[in-house]
Each structure stands twice: as C-alpha cells, then as structure tokens.
A.B. asks: 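Pasting a structure here, questions to come.
Position 1 is the first residue of the sequence, and the numbers go up from there.
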Amino acid sequence: MSDQQKSPRGDQWRGMTPQNRGLDTPMIDDVFEALSDWRRRAVCRYLVTCEDTGVDVETLSTAVARQGQASGVTDSETTVDSVERALVETHLPELDRLGLLDFDERSRAVHYWGQATVEKWAEHAETVSRDGEF
C-alpha cells in the first residue's frame, strides 16, 4: 500500500469521518498546518460550538468574519464576502484535504464530526493570541 493510500489525504477517504478512516488523531504536522491561518482556526473553533455536524458556507463565513473583526484582523480581510471567497477557494478545501472536515463544493456544505487534538490546539491558539492578532 502506498503512503498516499495510508494518508487521510487520499481521495478514496473523501466523505468519511476520521473514525471511519480508522484514525484516532491527525498527524501533528497536519494539525499545525490546519491552524496556521486565522480563518482556519476560526472555522475549527466555530464548528466545535455548533450543535449540528453540518453548516452551510454562508453561515460559516459570517461567523468567521465576525471572529476576525472581534480579534482585530485587518478590515479588508474580514468582510463576509472576502472571508467566504477565501474559505471556498483555499481554506475549506485545505481542511478537507487534511481530513479534518468534509467540504462539498457543489452543495457548499461543511460537515464536522469532532477532532479532539485539533480542538485542543485551536483553543490553545485562541488563548495565547487573545491580546494579539487572531
């Protein structure tokens, strides 16, 4: 079996929860890559607080834009339109590729089933950056 097939980045795993994939936790490099951008951190933090496992891109974009505005991120980066464009074009596909959520581009739906390691580090990143840039 190739490394690509073993990895959560393989297309054959698309649409499966981490538990279905036989994964307990993502690789730590993937966690830090996922949390390296304020928008991806905000996505993860928002999804942790959702009562549903799924959300549409518009709702998510609005929540992420609000978080960015509250955290003092540059105004041009925190409009709902600019956040939505960045999420759809870059950040949601990246989080999907890393196996941390499922993003369906056609329906613009995001599904998240929980990932304790990511949630822990996202919370930590939020805590240590409250006084600085999110």
A.B. asks: Do E77 and W38 come within less than 4.5 Å of each other through their side chains, counting heavy atoms only?
C.D. replies: yes
A.B. asks: Quick check: do Y46 and L60 have side-chain heavy atoms less than 4.5 Å from each other?
C.D. replies: yes
A.B. asks: Under 4.0 Å between a Lys/Arg side-chain N and an Asp/Glu carboxylate O for R108 and E58?
C.D. replies: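 Looking at E58 together with R108, the answer is yes, because their closest N to O distance falls below 4.0 Å.
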A.B. asks: Any side-chain heavy atom of V31 sitting closer than 4.5 Å to one from L100?
C.D. replies: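 V31 does not reach L100 side chain to side chain.
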A.B. asks: Are more than 12 heavy atoms, taken from residues, nucleotides or ligands other than R66, located less than 6.0 Å from that residue's CZ atom?
C.D. replies: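 Counting other residues, nucleotides and ligands, CZ of R66 stays at 12 neighbours or fewer.
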A.B. asks: Passes side-chain contact (heavy atoms from CB on, under 4.5 Å), V110 versus V43? Steps please.
C.D. replies: CA-CA 10 Å; V110 178; V43 165; 5.5 Å; no
A.B. asks: Do side-chain atoms of R40 reach the backbone of E33 as a donor and acceptor pair under 3.5 angstrom?
C.D. replies: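 Here the side-chain-to-backbone pair exists.
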A.B. asks: Give, for atom CG of L92 and atom CG of D102, the distance between the pair rounded to the nearest 0.5 Å.
C.D. replies: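 Rounded to the nearest 0.5 Å, the CG-CG separation comes to 11.0 Å.
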A.B. asks: Below 4.5 Å, heavy atoms only, C-beta onward: do V55 and L47 meet side chain to side chain?
C.D. replies: yes
A.B. asks: What distance do H91 atom NE2 and D96 atom CG have between them, rounded to the nearest 0.5 Å?
C.D. replies: 14.5 Å
A.B. asks: Side chains of V48 and Y112: closer than 4.5 Å at any heavy-atom pair?
C.D. replies: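 When only atoms from C-beta onward are counted, Y112 and V48 do touch, with a gap below 4.5 Å.
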A.B. asks: Between S61 and V57, is there a donor-acceptor pair closer than 3.5 Å when you use the side chain of the first and the backbone of the second?
C.D. replies: yes
A.B. asks: Check whether D56 reaches the backbone of A109 with its side chain - one donor and one acceptor, N or O, closer than 3.5 Å.
C.D. replies: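 Absent.
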A.B. asks: Using modelled atom types only, decide if a donor and an acceptor are shared between the side chain of T90 and the backbone of L87 within a distance under 3.5 Å.
C.D. replies: no
A.B. asks: Pairing donors with acceptors under 3.5 angstrom, does anything connect the side chains of S82 and T79?
C.D. replies: yes
A.B. asks: Taking 4.0 angstrom as the limit, do R39 and D37 come out as a salt bridge?
C.D. replies: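 Salt bridge between R39 and D37, a charged N being under 4.0 Å from a carboxylate O: yes.
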A.B. asks: Kindly say whether T78 contributes a backbone atom to a donor-acceptor pair with the side chain of Q69 at under 3.5 angstrom?
C.D. replies: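 Confirmed, Q69 side chain pairs with T78 backbone.
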